[in-house]
Structure formats: C-alpha cells, structure tokens
Undergrad: 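First the structure, which I've put down as structure tokens, then a few questions once you've had a look.
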Amino acid sequence: MLDRELIRNHPDVVRAGIARKRLSAPVDEFLEVDLKRRQIQTELQDKQAEMNRISKSIGMLMGQGKKDEAEVAKLQTKDLKEAIAAGEAQQRELDFALREIELQFPNLPHESVPDGKDEDENVLVRTWGEKPKFDHEPLAHWDIADKLGLLDLPRGAKITGSGFVLYTGMGARLQRALFTFMIDHQTTRNGYYEIYPPYLVNRASLIGTGNLPKFEEDLYKVDDDLYLVPTAEVPVTNIYRDEILKGEDLTIKLAAYSGCFRREAGAAGKDTRGVLRIHQFDKVEMVKFTKPEESYAELEMLVQDAESVLKTLGLHYRIIELCTGDLGSKGAKCYDVELWSPGVGRYLEISSCSNFEAYQSRRANIRFRRAQGEKPEFVHILNGSGLACPRLFSAVLETFYQPDGSIVVPEALRPYVGTDRITA
RNA sequence: GGAGAGGUCGCAUAGUGGUCUAGUGCGCCGCACUCGAAAUGCGGUGAGGCGCAAGUCUCCGUGAGUUCGAAUCUCACCCUCUCCGCCA
C-alpha cells in the first residue's frame with residue numbers, strides 16, 4: 001500500500017516508479033474513486049451533523065417535558081434519516097472499492113535501485129570465497145544423497161506427492177542441524193530475538209505482508225479460512241499488526257525458524273530436481289522493524305547477517321542487487337544471496353533481503369511514536385532469510401563431498417550433527 | 001464440543017436508551033511549590049478520516065439490526081477466563 005496523499009498529489013511519480021518495475025497499477029481508477037469518496041463523505045458529514053443537532057435537541061425537549069415540540073422535531077428527521085442511510089451505504093461501498101484498488105498497488109522502487117527489465121540486468125555487488133575445485137566431476141546433491149541414504153525422494157512423493165521430501169538417517173540429522181545452528185547463530189551472534197510462530201495464519205495477516213489478495217494461488221489453504229505459512233515473515237511481521245510501538249524500542253530484530261509451504265504454482269519443471277524447489281521446506285527468517293531514516297543502513301546489516309551464516313560454514317556465495325524489473329511487487333530494494341552449488345553448476349538464490357519501507361506497515365497498520373504526544377508514523381519493515389535450508393543442505397553435500405564418498409561436516413555444524421564426517 | 005462469565009481511552013474501573021464532547025483512580029507530560037526530589041495543587045494526556053480553515057464525522061471486541069437518538073437494547077460472529085468432556 002502506498003501513501004494516499006502521494007498518489008493523489010503526485011500520480012506521475014507513482015506511475016513512473018511502477019513503470020520502472022515493469023508493473024502496472026490502477027492509478028486512474030484510484031484517483032476517480034478517491035475523489036468520489038471524499039465528495040460523498042463531505043456531503044454525508046453535513047447531514048450527520050444536522051441529524052446529531054436535531055437528536056440532541058429532542059433529548060433536551062424531552063427532558064424539559066416539551067413532548068409536542070419533540071414530536072415536531074422527530075418529523076424533521078425522516079428525510080434526513082433516509083439520506084444518511086443511503087450516503088452511508090454509498091460510502092461503505094466506496095471505502096471497500098478504494099481499499100481493493102489500493103491493495104493492488106505494488107511498492108515503488110527506491111531511487112538507488114538500478115533500472116532493468118529482468119534478472120539478466122541484476123547487479124553483482126560482491127563475491128565471497130571461491131568455487132571449490134574437484135579432481136572429479138562434482139556430483140549433484142541428489143546423487144550424493146542417494147549414495148549415502150540421506151534422502152528418499154520416491155517415498156516422499158508416495159506419501160504426499162511430488163515436491164515433498166523425506167529426509168532419512170543422517171540426512172534428517174543434517175537438516176535438523178542446519179536450522180538449529182542457524183537460529184542459534186542469528187539469536188546469539190547477531191542479536192535477534194527468537195520467535196516460534198504458528199504455521200497457520202488468517203487472511204488479515206497475509207494481506208498485511210502483501211501475499212493477499214494478489215498471490216492467493218501460491219498458498220495452501222485449509223478450512224476455516226486459514227492458510228499455511230509460505231514463510232515465517234507472515235506471522236512474525238504480523239506480531240505488531242494494529243499496534244503503535246515506542247520509538248525507543250526500535251529497531252526490533254526478530255528471527256524465527258519455521259516450516260514453509262508453497263504451492264509453487266507456475267514454477268513446475270524449473271529447478272525441481274532433488275531439493276531445489278519443494279513445496280515444504282525449513283527456513284530461518286529475520287524481520288526488522290525500524291525508523292524510516294534507519295532502514296537502509298539496517299538493510300545492509302541484514303544482508304551481512306545472512307552472509308555470516310555462509311562465512312561461518314565456509315560456503316562460496318555472491319550478493320546480487322535486484323534491478324527494478326526483478327524486484328517484485330512488495331520490495332523497495334532487495335539483495336539476493338546466491339550460493340554456489342558445485343554439482344548443479346550454478347548460483348542458487350538462498351536468501352532475499354528486502355526493505356519494504358512502509359508498504360507492509362501501511363497494510364498491517366504498524367506504527368511507532370517518536371516521543372509521547374507525537375503523531376504515530378509508519379515503521380519501515382525489512383526481512384530476509386537467514387537462511388533457507390534445502391539449498392543450503394544441497395550446497396553442503398556438493399561442496400564438502402570427498403573422493404572417498406564421505407562428507408566432511410563443517411566445523412560449526414559438528415556439535416549439531418554429532419560427527420565430523422557423514423559416511424555411507 | 002458443552003455450560004457459565006466477560007471484552008469500555010496505556011493499566012484499573014464507572015457508565016444499562018438522551019448535556020457521554022465517555023466519568024474516576026493510577027500511570028505519563030507540563031506548570032507551581034522546592035536547592036533538588038518526594039508529597040501536594042493546577043492543567044493536559046487514544047486513533048483515524050474529510051476540510052485551506054473554522055470545523056466536522058467515525059471508532060466503547062467485530063458486523064448487522066431496532067430507535068429521532070445506542071457504550072447501553074436485539075441477533076450473529078471473534079477473542080479471553082472458569083468448569084466439564086475429548087485429546088498429543
């Protein structure tokens with residue numbers, strides 16, 4: 001959601017920003033309904049004020065025992081009452097329509113975001129480490145997992161369906177070690193406060209983060225109008241929905257481990273082997289609530305917090321800044337962390353660190369007050385993965401696979417895995 | 001799932017059809033008194049919308065209804081608590 005005043009007073013600025021993203025938004029429709037709504041509201045308020053005056057006078061006349069005069073006053077309200085009922089109905093309709101229109105607006109890109117039409121025009125920011133060298137052709141994680149009995153993909157598909165993975169034995173252990181290590185890392189080393197959220201959320205929460213109403217087809221829905229979380233971002237961001245925070249408490253840094261559930265509609269066939277794109281996966285998510293003037297500095301630190309996991313594990317990665325065309329609907333600025341996957345032979349996105357500015361906080365109505373007596377302002381909200389497990393799992397397998405068929409466990413993971421080497 | 005109680009301005013409470021422009025206490029802010037503080041006194045203290053402004057409208061869990069008028073009455077739903085049942 002954008003600032004209404006901005007759309008109203010500078011529609012050209014809004015149009016230009018959205019055009020930079022190669023997206024569209026119903027700007028004209030907004031302007032039309034917004035204007036109409038304000039006209040109706042002004043007219044309605046005059047009538048309500050008149051009605052309030054008359055009702056009050058009836059109360060006073062009754063109190064003075066002037067029943068006849070009160071009856072006369074009552075007659076005056078008949079037409080007004082009908083007009084108000086009609087006006088209220090019309091305004092409700094327009095409020096609803098405007099809200100629907102408003103929710104369709106994408107966020108505007110920050111001015112620093114490079115212009116570009118798609119992912120080919122993203123910008124390499126930095127690289128850490130090097131591609132590991134192998135004497136042999138590096139194996140893909142699905143082959144390694146097969147040799148060591150770490151995954152049972154056919155049975156995962158049998159139990160649930162394609163895209164649902166059964167981790168087995170040391171594979172299950174490694175998976176559990178990864179997210180336990182990461183949540184420990186973000187809370188004890190990087191200063192995040194730990195959250196363990198519900199896995200089912202209501203519509204209001206998904207609207208707050210911007211997943212609804214536009215991206216319903218990406219979500220699993222259950223009965224009672226609840227949805228499985230596509231990321232812990234949704235429940236964690238909504239912790240403060242409809243609240244006013246104290247300025248002195250910002251920046252708030254939260255980290256949560258959760259399962260994530262995505263239908264991946266429209267992504268069939270792309271990067272689907274092994275655990276590259278699955279419907280259920282584990283992830284540690286970081287969410288920050290900041291003052292507007294601090295959000296871009298916080299974004300840089302957020303990326304570093306995501307990176308620090310990979311540095312600690314000794315995995316080669318690079319940081320990409322998304323161009324306007326690849327930024328997506330919600331973000332104002334976004335960095336992707338891409339992890340080198342030797343067996344797949346590509347860099348794979350493992351974290352997206354975004355500044356949403358006030359886009360989510362307007363939708364979720366999350367504000368802060370700088371000092372007592374001051375007007376509440378919208379916070380800036382940021383989030384990033386820290387990190388997603390499946391691709392990290394696959395990179396660990398592919399990077400640390402040894403000629404003898406074993407996997408050397410990175411030092412930081414050993415206390416969690418319980419061994420320094422995974423063997424057949 | 002069943003029975004009961006309850007949801008009011010940060011907190012606690014009052015208000016059961018008409019000066020409610022929601023009272024009071026606590027907390028908080030300002031001022032006075034004080035060397036300073038405490039105590040005391042006085043004043044102020046929710047959110048949102050429309051409007052250039054004066055101002056005005058909306059919000060007492062949410063939504064609908066009755067009424068000239070609803071925090072107050074009716075209905076539905078949501079949430080919390082207590083007890084019972086079931087259960088990891």
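Just so you know, these numbers use all the heavy atoms, side chains as well, and skip hydrogens, waters and symmetry mates.
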Undergrad: Figure out the CG/P separation between A:D242 and B:G48, and round it to whole Å.
TA: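 Result: 12 Å.
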
Undergrad: Using the ring centroid of each side chain, check whether A:F368 and A:F289 are separated by less than 6.0 Å.
TA: no

Undergrad: Just how far, in rounded Å, is P of B:G49 from CZ of A:F96?
TA: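 These atoms are roughly 20 Å apart.
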
Undergrad: Given that both distances must come in under 3.5 Å, which nucleotide forms a Watson-Crick or G-U wobble pair with B:U45?
TA: B:G27

Undergrad: Name the orientation class of the two ring planes belonging to A:Y220 and A:H279 (parallel below 30°, tilted from 30 to 60°, perpendicular beyond 60°).
TA: perpendicular

Undergrad: Taking the P atom in each of B:G17 and B:G63, what is the distance between them to the nearest angstrom?
TA: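 Looking at atom P only, B:G17 and B:G63 are 24 Å apart.
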
Undergrad: Mind checking whether A:Y196 and A:Y257 have parallel, tilted or perpendicular rings, split at 30° and 60°?
TA: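 A:Y196 and A:Y257: parallel rings.
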
Undergrad: What's the gap between B:A71 and B:G1 when it is taken at their C1' atoms, as a whole Å value?
TA: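 Per the computed distance, 32 Å lies between those C1' atoms.
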
Undergrad: Heavy atoms under 4.0 Å, any strand shown: does A:I54 hit a base, just sugar-phosphate, or nothing?
TA: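 It contacts nothing in the nucleic acid.
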
Undergrad: Just the rounded figure in Å: distance from C1' of B:C50 to CZ of A:R92.
TA: 18 Å

Undergrad: In whole angstrom, give the distance that lies between atom CD1 of A:I40 and atom C1' of B:U58.
TA: 17 Å

Undergrad: Which part of the nucleic acid, if any, lies within contact of A:R369, taking any heavy atom under 4.0 Å across all strands shown: a base, the sugar-phosphate backbone alone, or nothing?
TA: sugar-phosphate

Undergrad: Return the nucleotide paired to B:C9: Watson-Crick means purine N1 to pyrimidine N3 with N6-O4 or O6-N4, wobble means G-U with N1-O2 and O6-N3, both under 3.5 Å.
TA: none

Undergrad: If you take atom types as modelled and just measure distance, does the side chain of A:Q45 reach the base of B:G49 with a donor-acceptor pair under 3.5 Å?
TA: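 Looking at the base of B:G49, it does pair with a donor or acceptor on the side chain of A:Q45 (distance under 3.5 Å).
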
Undergrad: A:R203 near the nucleic acid: base, sugar-phosphate alone, or nothing, with a heavy-atom cut-off under 4.0 Å?
TA: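 The answer is nothing, as A:R203 stays clear of every strand by at least 4.0 Å.
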
Undergrad: Between B:C50 and B:G69, how far apart are the C1' atoms? Round to whole Å, please.
TA: 24 Å

Undergrad: A:Q48 side chain: which of B:C68, B:C57, B:A64 is closest?
TA: B:C57

Undergrad: Measure from CD on A:E71 to P on B:G18 and round the result to the nearest Å.
TA: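 Rounding to the nearest Å, CD of A:E71 and P of B:G18 are 17 Å apart.
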
Undergrad: Taking any strand in view, what nucleotide pairs with B:U82 in a Watson-Crick or G-U wobble way, both distances under 3.5 Å?
TA: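 Pair assignment: B:U82 / B:A3.
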
Undergrad: B:A64, B:C50, B:C57: which one has an atom nearest the side-chain heavy atoms of A:R37?
TA: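 So the nucleotide nearest the side chain must be B:C50.
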
Undergrad: Rounded to whole Å, please give me the gap between CD1 in A:I244 and P in B:A47.
TA: 6 Å

Undergrad: May I ask you to check whether over 12 heavy atoms, not counting those of A:E294, lie within 6.0 Å of atom CD?
TA: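 Result for CD/A:E294: enclosed.
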
Undergrad: Distance between the P atoms of B:G43 and B:G4, in whole angstroms?
TA: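 Result for the P pair: 47 Å, nearest Å.
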
Undergrad: Around A:E243, counting heavy atoms of other residues, nucleotides and ligands shown, do more than 12 lie under 6.0 Å from its CD?
TA: yes

Undergrad: May I ask you to say what A:Q41 touches in the nucleic acid, namely base, sugar-phosphate or nothing, with a heavy-atom cut-off under 4.0 Å?
TA: base

Undergrad: Does B:G49 have OP1 or OP2 under 4.0 Å away from a side-chain N or O of A:R38?
TA: no

Undergrad: Please name the pair of heavy atoms, one in A:P109 and one in A:T324, separated by the smallest distance, quoted to 0.1 Å.
TA: CB-CG2, 4.1 Å

Undergrad: What does A:R53 touch in the nucleic acid at a heavy-atom separation under 4.0 angstrom: a base, only the sugar-phosphate, or nothing?
TA: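 A:R53: no heavy atom of the nucleic acid under 4.0 Å.
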
Undergrad: Expressed as a whole number of Å, how far does the C1' atom of B:U21 sit from that of B:C75?
TA: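 Looking at atom C1' only, B:U21 and B:C75 are 31 Å apart.
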
Undergrad: Do A:D184 and A:Y416 have side-chain N/O donor and acceptor atoms under 3.5 Å apart?
TA: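 Looking only at side-chain atoms, A:Y416 and A:D184 do form a donor-acceptor pair, the distance falling under 3.5 Å.
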
Undergrad: Should B:C87 form a Watson-Crick or G-U wobble pair with both distances under 3.5 Å, which nucleotide is its partner?
TA: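 Base partner found: none.
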
Undergrad: How many Å lie between CD on A:E43 and P on B:G49, as a whole number?
TA: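 Computing the A:E43:CD to B:G49:P distance gives 21 Å.
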
Undergrad: Quiz question: by atom type and distance under 3.5 Å, do the side chains of A:S55 and A:N52 form a donor-acceptor pair?
TA: no

Undergrad: What integer number of Å spans the P atoms of B:G46 and B:G30?
TA: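 To the nearest whole Å, 16 Å.
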
Undergrad: Applying a 4.0 Å non-hydrogen cut-off, can you work out what A:A49 is touching in the nucleic acid: base, sugar-phosphate, or nothing?
TA: sugar-phosphate

Undergrad: For B:G18 and A:K56 - does any side-chain N or O of the residue sit under 4.0 Å from the phosphate oxygens OP1/OP2?
TA: no

Undergrad: Under 4.0 Å, heavy atoms only, any strand: does A:N52 hit a base, just the sugar-phosphate, or nothing?
TA: sugar-phosphate

Undergrad: Starting from P on B:G49, measure out to CG on A:L35 and report it in whole angstrom.
TA: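 Spelled out: CG on A:L35 to P on B:G49 is 18 Å.
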
Undergrad: Considering every strand and a 4.0 Å limit on heavy-atom distances, what is the contact class for A:S55: base, sugar-phosphate, or nothing?
TA: base

Undergrad: Only pairs with both distances under 3.5 Å count, Watson-Crick or wobble alike; so what is the partner of B:A39 in this structure?
TA: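 Answer to the pairing question: none, since B:A39 forms no Watson-Crick or G-U pair.
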
Undergrad: Given that both distances must come in under 3.5 Å, which nucleotide forms a Watson-Crick or G-U wobble pair with B:C75?
TA: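 Pairing partner, where one exists within any strand: B:G63.
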
Undergrad: Paired with B:U21: which nucleotide, if any, by Watson-Crick or G-U wobble criteria at under 3.5 Å for both distances?
TA: none

Undergrad: Using the C1' atom as the reference point in each nucleotide, state the distance between B:C9 and B:A22 in Å, no decimals.
TA: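 It comes out at 8 Å once rounded to the nearest Å.
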
Undergrad: Rounded to whole angstrom, note down the C1' distance from B:A39 over to B:C33.
TA: 11 Å

Undergrad: Does A:K81 or A:D34 map to a spot on RNA chain B nearer the 5' end, using the closest nucleotide for each?
TA: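 Its nearest nucleotide lies further toward 5', so the answer is A:D34.
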
Undergrad: Which residue, A:M51 or A:E5, contacts RNA chain B at a nucleotide closer to its 5' end, judged by nearest heavy atom?
TA: A:E5

